[in-house]
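When a ligand or atom number is given, it counts from 1 through the structure's own listing order.
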Amino acid sequence: MGIFAKIAAGEIPSYKCAENDEFYAFLDINPLVKGHTLVIPRREVDYIFDMEDDELARFEVFAKKVAVAIKAAFPCVKVGQAVLGLEVPHAHIHLIPMQSEKDMNFANPKLSLSAEEMQEIACKIYQEFSK
Ligand code: AMP
């Protein structure tokens with residue numbers, strides 16, 4: 001099992017932001033901004049565009065709900081969405097609260113946040129998602 005599948009299964013710790021039977025959302029460990037979240041299918045699939053149409057549609061709808069929760073927890077202009085997948089071979093959507101397009105630059109230095117801060121951020125998003 002790959003690292004993200006283990007995270008979704010609870011075998012590796014993560015800062016959980018949202019979940020349902022099929023999908024899981026957690027904080028990116030190297031965030032570009034506070035609230036930078038990854039959304040994954042529990043099922044192991046590497047390339048997002050290898051997903052079947054109906055699964056991909058449900059994935060995007062789940063990501064939308066997470067984005068709404070992120071925007072409520074961390075007021076921003078919009079939540080940006082990006083798919084790279086160059087590092088971890090498990091399909092994932094980056095959701096990033098944006099104040100400007102600069103926040104979507106993956107070459108930016110990453111934030112260094114304490115475990116307590118990460119937990120607090122994840123809790124805020126989880127609470128909004130659960131409303
Ligand atoms: P990419 O595959 O290029 O989209 O990059 C993978 C992303 O996953 C990077 O932003 C990493 O910081 C993030 N990442 C890698 N391992 C973990 C982990 N164990 N928990 C949370 N985020 C991770």
Side-chain angles (χ1 to χ4, degrees):
M1 214 190 274
I3 181 166
F4 280 7
K6 285 185 180 168
I7 283 175
E11 293 175 18
I12 290 178
S14 67
Y15 297 99
K16 180 168 75 175
C17 299
E19 67 179 334
N20 69 11
D21 288 352
E22 213 176 2
F23 307 110
Y24 187 84
F26 58 108
L27 293 184
D28 193 303
I29 205 76
N30 299 304
L32 283 166
V33 297
K34 284 187 180 183
H36 180 173
T37 300
L38 301 177
V39 186
I40 61 173
R42 293 184 186 277
R43 184 176 87 78
E44 282 198 276
V45 51
D46 174 5
Y47 186 42
I48 190 167
F49 297 128
D50 282 337
M51 292 170 79
E52 294 296 332
D53 291 356
D54 54 348
E55 184 184 20
L56 183 58
R58 292 193 301 276
F59 188 32
E60 188 62 37
V61 170
F62 180 79
K64 174 183 169 182
K65 289 178 184 157
V66 179
V68 168
I70 291 171
K71 196 165 189 297
F74 294 93
C76 54
V77 177
K78 288 184 176 176
V79 173
Q81 168 172 292
V83 176
L84 287 78
L86 296 173
E87 195 185 306
V88 178
H90 184 127
H92 53 280
I93 296 172
H94 294 258
L95 294 177
I96 299 168
M98 292 184 295
Q99 303 303 339
S100 80
E101 68 180 44
K102 291 184 188 132
D103 291 329
M104 293 297 287
N105 184 352
F106 280 79
N108 284 346
K110 307 303 185 291
L111 298 183
S112 182
L113 301 174
S114 68
E116 290 75 20
E117 284 176 296
M118 292 289 275
Q119 191 57 55
E120 196 180 316
I121 292 166
C123 277
K124 276 190 185 175
I125 297 169
Y126 192 85
Q127 281 172 359
E128 291 295 337
F129 182 83
S130 305
K131 277 183 180 171

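Note: an N/O pair closer than 3.5 Å links L86 and ligand 1 by distance alone. Any N or O atom pair closer than 3.5 Å counts here, and V88 shares at least one such pair with ligand 1. Looking at ligand 1, you'll find an N or O of H92 within less than 3.5 Å of one of its N or O atoms.
Few gaps surround NZ on K110; more than 12 heavy atoms of other groups in view lie less than 6.0 Å from it. D54 CG: more than 12 foreign heavy atoms inside a 6.0 Å radius. Counting heavy-atom neighbours within 6.0 Å of E11 CD, excluding the residue itself, gives a total above 12.
The closest approach between G85 and ligand 1 falls below 4.0 Å for a heavy atom of the residue. The closest approach between F4 and ligand 1 falls below 4.0 Å for a heavy atom of the residue. Within the 4.0 Å heavy-atom shell around ligand 1 one does not find V83. Residue H94 places a heavy atom under 4.0 Å from ligand 1. Not a single heavy atom of I12 lies less than 4.0 angstrom from ligand 1. In this structure, Y15 falls outside the shell of residues with a heavy atom less than 4.0 angstrom from ligand 1.
Aromatic ring centres of F62 and F129: separated by under 6.0 Å.
Linking ILVMFWY residues whenever their side-chain heavy atoms come closer than 4.5 Å, directly or via other members, leaves V79 and M98 in distinct clusters.
Neither the backbone nor the side chain of K110 has a heavy atom within less than 4.0 Å of ligand 1. With a 4.0 Å heavy-atom cut-off, ligand 1 is reached by the side chain of I3 but not by its N, CA, C or O.
Between F106 and H36, the ring planes are perpendicular. Angles over 60° get that label, and only those under 30° would be called parallel.
E87 CB, 3.5 Å is the protein heavy atom nearest to atom 5 (O) of ligand 1. Of all protein heavy atoms, the one lying nearest to atom 11 (C) of ligand 1 is D28 OD1, 3.5 Å. The single protein non-hydrogen atom nearest to atom 23 (C) of ligand 1 is I29 CG2, 3.7 Å, given as residue, atom name and distance.
With E22 as the partner, the salt bridge (charged side-chain N to carboxylate O under 4.0 Å, His left out) test is satisfied by one option alone out of R42, R58, R43: R58.
Shown in contact with L38 at under 4.0 Å from a heavy atom are these atoms of ligand 1, numbered in order with element: 8 (O), 13 (C), 22 (N). Using a 4.0 Å cut-off to heavy atoms of I7, the atoms of ligand 1 that qualify are 18 (C), 19 (N), 20 (N). With ligand atoms numbered from 1 in the order given, ligand 1 contributes 3 (O), 4 (O) to contacts under 4.0 Å with heavy atoms of L84.
Side-chain contact between F26 and I40: present, with at least one pair of heavy atoms (C-beta onward) separated by less than 4.5 Å. Taking the side chain as every heavy atom from C-beta outward, C17 and Y126 never approach each other to under 4.5 Å.
Taking every heavy atom of both residues into account, I93 and A63 meet most closely at CD1-CB, 4.0 Å.
By the side chain to side chain contact (heavy atoms under 4.5 Å, CB included) test, S114 is found to be paired with E116, E117, residues two or more places apart in sequence or in another chain being considered.
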